[in-house]
Amino acid sequence: MRFSRSLIPTIKEAPADATNVSHVLLTRGGFIRRVGAGMYDYLPLGLRVLKKIEAIVRTEMDRAGALEILMPALLPAEYFKETDRWTKFGDNLFRLKDRKGADFHLGPTHEEIVTDIARREIRSYRDLPKNLYQVQSKFRDEPRPRGGLLRCREFVMKDAYSFDSTEDGAKASYEEMRKAYVRVFDRLGLNYRMVAADSGAMGGSTSAEFQVLADSGEDAIVACDACSYAANVEVATVTPADEPAGTSGERTKVHTPGHGGIADVAAFLKVETKQMLKSLIYRAQKEVAMVVVRGDHDVNEIRLARILGVDEVALATEADVRKTTGAAVGYAGPVGFTGRVIVDRAASLVKSGVTGANETDHHLTGVEHGRDFEGEVADVRLASNGDTCPSCGKGKLTTYKGIEAGHIFILGTHYSAKMNATFLDETQKKQPIIMGCYGIGVSRLVATTIEQHNDASGMRWPMSIAPYHVHLCTLGKDEPVLAAAQALYDALWSKGIEVLWDERDERPGVKFKDADLIGIPFRVTFGGKNFAAGNVEMKARDESDPAKSEMVAIADAQARIEDFVRKALA
RNA sequence: CGGGGCGUAGCGCAGUCUGGUAGCGCACUCGGUUCGGGACCGAGGAGUCGAAGGUUCAAAUCCUUUCGCCCCGACCA
């Protein structure tokens with residue numbers, strides 16, 4: 001493709017509303033344009049990357065024996081009503097009505113629809129296993145779309161669904177998908193971790209996330225430095241230290257005017273944050289409960305919800321805190337608290353703790369669980385950096401930030417039972433089909449890749465998904481230069497190598513800046529003194545040192561480029 | 001939905017407090033000089049100041065309503 005004929009509107013200044021690197025670079029590089037909150041145009045370069053990711057995903061799905069289908073994005077409400085997700089999805093569902101007033105929605109995910117296919121087409125255990133997948137736009141009315149392509153209201157997802165007649169079969173299907181996912185993420189050139197995860201609202205048992213490591217990630221994961229254990233902090237098991245922390249002291253009320261936060265109070269009273277007993281008031285449906293964790297720990301809200309027996313919990317409002325503790329936010333404590341109290345195991349071992357006095361501007365020191373207050377002891381904190389690994393018991397956990405790019409689940413019979421998707425087993429008995437579901441955020445991966453592969457000058461695409469393999473730059477308009485470039489361009493395309501040829505009438509600086517920004521992995525430059533000497537310049541985008549470019553005789557150029565591209569694709 | 005902020009030319013912004021000529025940089029068009037890391041000079045085009053209503057002789061600016069967008073939280077691929 002000739003640059004001047006393409007649509008690659010690069011811009012120097014980043015749009016003001018972009019905060020993520022990927023959002024800034026994809027916009028500046030002319031890959032995407034915002035249409036509305038969480039909705040984007042894919043311009044030619046952006047679409048080429050998206051399509052390449054899709055192609056890799058398709059290849060690996062097909063290779064794993066999955067069958068591509070396509071379900072509608074526009075759906076009648078009846079299917080979601082069958083499983084009650086019409087209600088459960090709440091505001092996240094884009095709802096609409098047809099001219100007759102009937103309820104419809106845009107598909108946020110397709111368990112019900114694919115289960116409907118299964119219940120109509122699958123009769124016998126002989127029909128199983130099956131795995132159906134699609135690559136399609138999904139619609140979710142996100143509370144807060146953000147980060148460019150990282151979180152959209154319309155996004156491209158690959159969703160696969162497995163159907164098995166036995167538990168073992170389902171596990172095998174899951175395992176097959178897990179392997180396929182590993183191949184996909186490897187081919188995308190990403191640094192990622194497969195981690196144990198929460199099944200959330202999908203309603204399943206076993207599940208794992210594919211987390212791409214990036215500082216901008218919103219998910220916290222922990223991984224052991226000694227074994228293969230890795231988990232989302234939401235589900236990471238904590239191995240609490242057994243030794244009591246510190247020695248017992250006498251309970252004393254102290255005046256802490258204006259000091260409410262943990263770090264603040266710890267500094268004011270000159271104690272370590274792990275000596276603090278952080279007391280948080282949570283609302284779980286109608287119940288209000290206090291959770292006590294050590295000052296250096298955080299509450300695992302998913303675990304807390306399970307302990308309290310509810311779907312979700314939320315921090316109480318300021319008004320609720322005042323009502324239940326009689327003090328301003330920042331001064332809550334378990335001593336004398338009359339409601340339900342959950343104490344984290346680590347916090348229960350703190351001997352001379354510091355906690356709020358349930359009285360504004362006052363704290364208690366020398367507080368100890370079992371002596372000064374009671375409460376159910378449970379593991380309700382999040383795993384944190386430096387914890388002992390719960391799996392091997394030897395290594396230490398390190399925390400990482402990750403972007404969730406894939407998630408695989410064993411669903412069991414959650415959907416098939418509700419929707420009556422059954423098969424006849426060998427004994428002519430009707431059984432619900434055992435399902436699994438497997439998602440990859442294809443459009444999110446476009447952004448995720450950039451989050452991990454960029455430098456101060458721009459994007460750095462892995463060859464496997466780069467919009468073009470080679471960026472050919474010609475400097476000037478000299479006829480011999482253009483003719484030589486044209487010959488190389490034609491030869492490379494005929495070999496299946498995709499070339500973007502920047503033949504614009506621009507100054508070299510402009511071309512080089514654009515080339516770096518767009519981030520095509522290999523740049524070939526024709527022109528100037530080098531051309532006069534019979535050479536072309538070649539430079540890998542990953543090479544940041546400008547002195548590291550390579551001079552190659554024009555006659556050898558094609559072979560050298562082919563070699564580079566083939567090796568990078570291998 | 002709770003909290004904070006922003007809507008002025010394609011993009012980035014100033015002007016709003018204290019009402020009175022709509023401005024700057026980039027981009028764009030034309031002419032010239034330049035040409036290996038975002039050139040320079042000259043000339044030019046381009047804006048219902050998010051929308052509606054109000055106050056006023058006069059509104060980007062003050063008042064009311066409304067829409068959109070962004071950031072921090074709860075959700076997710």
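Quick note on labels: first sequence line is chain A, next is B, and so on, each numbered from 1.
In this entry the distance linking CZ of A:R144 with P of B:A77 reads 18 Å, nearest Å. Atom CD in A:E451 sits roughly 19 Å away from atom P in B:A77 (whole-Å rounding). Taking atom CD of A:E301 as the reference point, atom P of B:G73 lies 13 Å away to the nearest angstrom. Rounding to whole angstrom units, CG of residue A:D502 and P of B:G38 are separated by 15 Å. Distance, A:F185 CZ to B:A77 P: 12 Å, rounded to whole Å. Remark: C1' of B:G36 and CD of A:E537 are 8 Å apart, rounded to the nearest angstrom. Rounded to whole Å, the distance from CD on A:Q211 to P on B:C76 is 13 Å. Computed from coordinates, the A:M177 CE to B:A77 P distance equals 17 Å when rounded to whole Å.
Applying the 3.5 Å distance criterion, the base of B:C76 shares a donor-acceptor pair with the side chain of A:D219.
Note on A:R507: every side-chain N or O is 4.0 Å or more away from OP1 and OP2 of B:G38. Considering only side-chain N and O atoms, A:R151 lies nowhere under 4.0 angstrom from the phosphate OP1 or OP2 of B:C75.
Judged by distance alone, the side chain of A:E404 and the main-chain N or O of A:Q211 form no donor-acceptor pair under 3.5 Å. Within the 3.5 Å criterion, the main-chain N or O of A:I302 finds a donor-acceptor partner in the side chain of A:N300. The backbone N or O of A:R2 sits nowhere less than 3.5 Å from a side-chain atom of A:S6 that would complete a donor-acceptor pair.
A:D91 comes within 4.0 angstrom of nothing in the nucleic acid, heavy atoms only. Across all strands shown, A:D514 has heavy atoms under 4.0 Å from base atoms, whether or not it also approaches the sugar-phosphate. Nucleic acid contact class of A:L475 (heavy atoms, under 4.0 Å, all strands): base. Residue A:E142 is classed as a base contact, given a heavy-atom separation below 4.0 Å to a base. In this structure, A:R523 reaches the bases: a heavy-atom distance under 4.0 Å links it to at least one base atom across the strands shown.
Nucleotide B:G44 has B:C28 as its partner under the Watson-Crick or G-U criteria, with both atom distances under 3.5 Å. Taking a pair to require two hydrogen-bonding distances under 3.5 Å in either a Watson-Crick or a G-U wobble arrangement, B:U33 pairs with B:A39. Pair assignment for B:A14: none, as no Watson-Crick or G-U wobble contacts are both less than 3.5 Å. B:C57 is paired with B:G20 under the criterion used here, namely a Watson-Crick or G-U wobble arrangement in which both key atom distances are under 3.5 Å. Nucleotide B:A74 forms no Watson-Crick or G-U wobble pair with any nucleotide shown, as no partner meets the under 3.5 Å limit on both distances. For B:G68, the paired base is B:C6 (Watson-Crick or G-U wobble, both distances below 3.5 Å).
Rounded to whole Å, the C1' atom of B:U16 lies 43 Å from the corresponding atom of B:A77. For the C1' atoms, the distance from B:C35 to B:C71 is 43 Å, rounded to whole Å. Taking the C1' atoms as reference points, B:C49 lies 11 Å from B:A59, given to the whole Å. Distance check on atom P: B:A58 versus B:U21 gives 14 Å, rounded to whole Å. Here the separation of B:G25 from B:A9, taken at their C1' atoms, is 13 Å to the nearest Å. The same atom, C1', is picked in B:G50 and in B:C57; the two are 27 Å apart, to the nearest Å. Going from the C1' atom of B:C62 to that of B:C1 covers 32 Å, rounded to whole Å. Between the C1' atoms of B:C6 and B:A60, the separation comes to 15 Å (whole Å).
For A:R146, taking side-chain heavy atoms from C-beta onward, the closest of the listed nucleotides B:G37, B:A74, B:G38 is B:A74. You'll find that the side chain of A:D516 is closest to B:G37, out of B:C69, B:G37, B:C72.
Both tests do not hold together for A:R34 against A:Y40: distance to the six-membered ring centre under 6.0 Å, angle to the ring axis within 45°.
With salt bridges taken as basic N to acidic carboxylate O contacts below 4.0 Å, one links A:R85 and A:E112. Salt bridge A:K418/A:D84: absent, no basic N to carboxylate O contact under 4.0 Å. A:K401 has no carboxylate O lying under 4.0 Å from a charged side-chain N of A:D215, or vice versa, which leaves the two without a salt bridge. Note on A:D379 versus A:R303: no salt bridge recorded, every NZ/NE/NH1/NH2 to OD/OE distance being 4.0 Å or above. Salt-bridge check for A:E218 with A:R146: passed, with a basic side-chain N closer than 4.0 Å to an acidic carboxylate O.
Evaluation of A:F155 against the base of B:A77 yields a stacking contact (centre distance < 5.5 Å, interplanar angle < 30°).
Closest-nucleotide positions on RNA chain B for A:G148 and A:C152 were compared, and the one nearer the 5' end corresponds to A:G148. Each of A:L150 and A:G38 has a nearest nucleotide on RNA chain B; the 5'-most of these lies closest to A:G38.
Annotation: salt bridge (charged side-chain N to carboxylate O under 4.0 Å, His left out) contacts involving residues 132-142 of chain A, sequence neighbours excluded, comprise A:K138-A:D159, A:D141-A:R153, A:E142-A:R151.
Interface residues of residues 6-34 of chain A facing RNA chain B, ordered by number: A:K12, A:E13, A:A14, A:P15, A:A16, A:D17, A:T19, A:R28, A:R34; criterion, heavy-atom separation under 4.0 Å. Sorted by residue number, the members of residues 525-533 of chain A with any non-hydrogen atom under 4.0 Å from RNA chain B read A:G527, A:G528, A:N530.
Between A:F409 and A:H407, the ring planes lie parallel to each other; the angle is under 30°, not in the 30° to 60° tilted range.
Screening A:D298, A:D344, A:D296 for a salt bridge (Lys or Arg N to Asp or Glu O under 4.0 Å) involving A:K278 leaves a single residue, A:D298.
Taking 4.5 Å as the limit, every side-chain heavy atom of A:M39 sits out of range of all side-chain heavy atoms of A:P145.
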